[in-house]
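Counting convention: from 1, in listed order, for ligands and their atoms alike.
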Amino acid sequence: MKTRGSRAAFRRALRSIPGGVNSPVRAFRAVGGDPLFVRRASGAWLEDLDGNRYLDFVGSWGPLILGHAHPAIVAAVTAAARRGTTFGAPTPGETDLAELIKSAIPSIKLLRLVSSGTEACMSALRLARAFTKRAGVIKFDGCYHGHADPFLVKAGSGAATFGTPTSPGVEADHTLVLPYNDPETFIRAMKKSWRKMAAVIVEPVAGNMGVVPPLMGFLETLREETRRHGTLLIFDEVITGFRVAWGGAQTVIGIEPDLTTLGKIIGGGLPLAAYGGRRDVMSLLAPGGPVYQAGTLSGNPLAVAAGLAQLRKLEADPGIYRRLDRLGADLEQGFKSSGVTVNRVGSMMTAFFTSGPVTDWKSASRCDTAAYGRYFRRMLASGIYLPPSQFEAMFVSAAHSGRDIDRAARVALQARSGLR
Ligand code: PMP
């Protein structure tokens with residue numbers, strides 16, 4: 001495997017960009033080695049500066065459910081760019097996208113488009129605080145909701161990867177962190193503190209400590225208790241929205257949150273995210289209400305065009321989630337036969353290097369991350385690009401073929417047996 005091009009690009013980046021990357025996990029520090037620099041990608045394949053090709057199971061961390069450079073998305077973005085890249089004035093495409101999202105997720109009566117999942121979660125909390133006139137927020141250990149201060153506590157994802165679960169510089173006095181999948185602890189905490197609690201925010205299927213599905217009764221308890229105490233329930237569906245099903249995790253589980261945050265897939269690979277939910281809550285937003293939130297590039301026409309193109313493709317193909325699930329199941333079998341613990345929901349999956357079940361951050365953190373790093377590097381050398389951290393989800397896209405999955409499973413088995 002040639003690496004000269006990527007290494008030179010990384011050295012150059014290090015002179016101008018902290019750590020050489022614009023988002024920490026990209027730097028490969030958790031798995032060792034230098035990051036690959038990408039030249040181009042198409043479908044399920046990624047090519048680096050040295051011409052190496054990789055079967056991609058990162059999918060830009062979730063957005064690319066149709067694979068890279070899908071022709072419909074490229075065409076939509078190109079056409080939109082010709083009409084102008086940004087206006088700072090409304091366009092009908094924004095309403096098209098809002099209507100499509102509402103039709104998929106019935107708990108969303110009104111929504112606002114923003115540019116990142118961080119912004120969506122931060123704004124949803126501001127709104128919850130204004131609505132309830134309380135300041136507190138409950139989050140769960142190992143869940144990530146972007147890098148706004150109140151959420152950057154025991155935050156899974158890159159923060160967990162680098163052993164800095166709570167970043168210096170963060171003020172999070174109003175945040176209470178509880179264990180995921182533990183309804184009893186949650187009930188006790190609410191009994192004591194509900195008067196302070198504006199919101200409970202949760203990933204309905206956790207994806208940032210690796211994939212951890214909710215155990216029966218956990219999300220149900222969050223819904224009952226928040227309703228009883230006038231605290232708003234926020235489902236962070238930045239990963240799961242349009243990933244685990246057309247209507248997100250909430251339609252599969254059958255629980256309606258008060259607010260939902262979305263990102264990744266709804267932007268088709270461009271910077272776009274959203275938050276929405278109850279009409280009475282969302283109506284508090286400026287300009288109709290007093291809660292301020294704004295963005296120069298919010299509802300950007302290129303991002304909206306990409307998101308619309310991707311969602312319309314998903315909507316037009318009712319069998320797509322079943323197909324993705326089948327591909328995911330085959331990949332799961334392949335990894336399982338290599339002797340790791342696999343958690344999977346549809347097309348999102350993690351192979352944990354631990355022998356026990358993984359149901360929360362405590363069990364996830366027992367993983368042998370050094371072994372994962374060796375495994376990652378072997379897979380990479382064999383042309384399979386996995387997330388460069390044990391605590392991230394891998395994603396299957398509709399661009400993966402059965403043959404691609406077989407190939408990944410075969411390499412996974414070889415990589416694992418080489419480690420034992
Ligand atoms: N919430 C969840 C569940 C996420 O996985 C992420 C990003 N991985 C975010 C929020 C933040 O999104 P962004 O990176 O777009 O700010």
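- Proximity to Gly117 (heavy-atom distance under 4.0 Å) selects the following atoms of ligand 1: 11 (C), 12 (O), 13 (P), 15 (O), 16 (O).
- Taking CG of Leu324 as the reference point, atom CE of Met348 lies at 13.0 Å (rounded to 0.5 Å).
- Checked against a 6.0 Å centroid threshold, the rings of Phe186 and Phe218 do not count as neighbours.
- When non-hydrogen atoms are compared, ligand 1 lies under 4.0 Å from the side chain of Val238 (C-beta onward) but not from its backbone.
- Close approach of ligand 1 to Gly146 is summarised as follows: ligand atoms under 4.0 Å from at least one heavy atom of the residue are 9 (C), 10 (C), 11 (C).
- Atoms of ligand 1 found under 4.0 Å from any heavy atom of Ile239 (numbered from 1 in listed order, with element): 5 (O).
- Heavy atoms of Tyr144 found under 4.0 angstrom from ligand 1 belong to the backbone as well as the side chain.
- At a 3.5 angstrom cut-off on N or O pairs, His145 does not count as close to ligand 1.
- Of the candidates Arg195, Arg134, Lys196, Glu225, Arg134 is the only one forming a side chain to side chain donor-acceptor pair (under 3.5 Å) with Thr231.
- Note: Phe10 and Phe37 have tilted aromatic rings, judged against thresholds of 30 and 60 degrees for the angle between ring planes.
- Using a 4.0 Å cut-off between heavy atoms, Lys264 contacts ligand 1 through its side chain alone, with no backbone atom that close.
- Atoms of ligand 1 found under 4.0 Å from any heavy atom of Asp236 (numbered from 1 in listed order, with element): 1 (N), 2 (C), 3 (C), 10 (C).
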Quiz item: Is there a side-chain hydrogen bond (donor to acceptor under 3.5 Å, both in side chains) between Ser283 and Asp280 once you walk through the steps?
Solution: CA-CA 5 Å; Ser283 300; Asp280 55 346; over 6 Å; no

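- Contact annotation for Asn208 and ligand 1: only side-chain heavy atoms (C-beta onward) come within less than 4.0 Å of the ligand.
- Proximity to Ser116 (heavy-atom distance under 4.0 Å) selects the following atoms of ligand 1: 15 (O), 16 (O).
- In this structure, Tyr385 has no ring-ring contact (aromatic ring centres under 6.0 Å, His included) partners at least two apart in sequence or on a different chain.
- Contacts between Glu203 and ligand 1 below 4.0 angstrom, taking non-hydrogen atoms only, involve the side chain exclusively.
- The number of heavy-atom neighbours closer than 6.0 Å to OH of Tyr292, taken from other residues, nucleotides and ligands shown, is 12 or below.
- Counting non-hydrogen atoms of other residues, nucleotides and ligands closer than 6.0 Å to NE2 of His147 gives a total of 12 or fewer.
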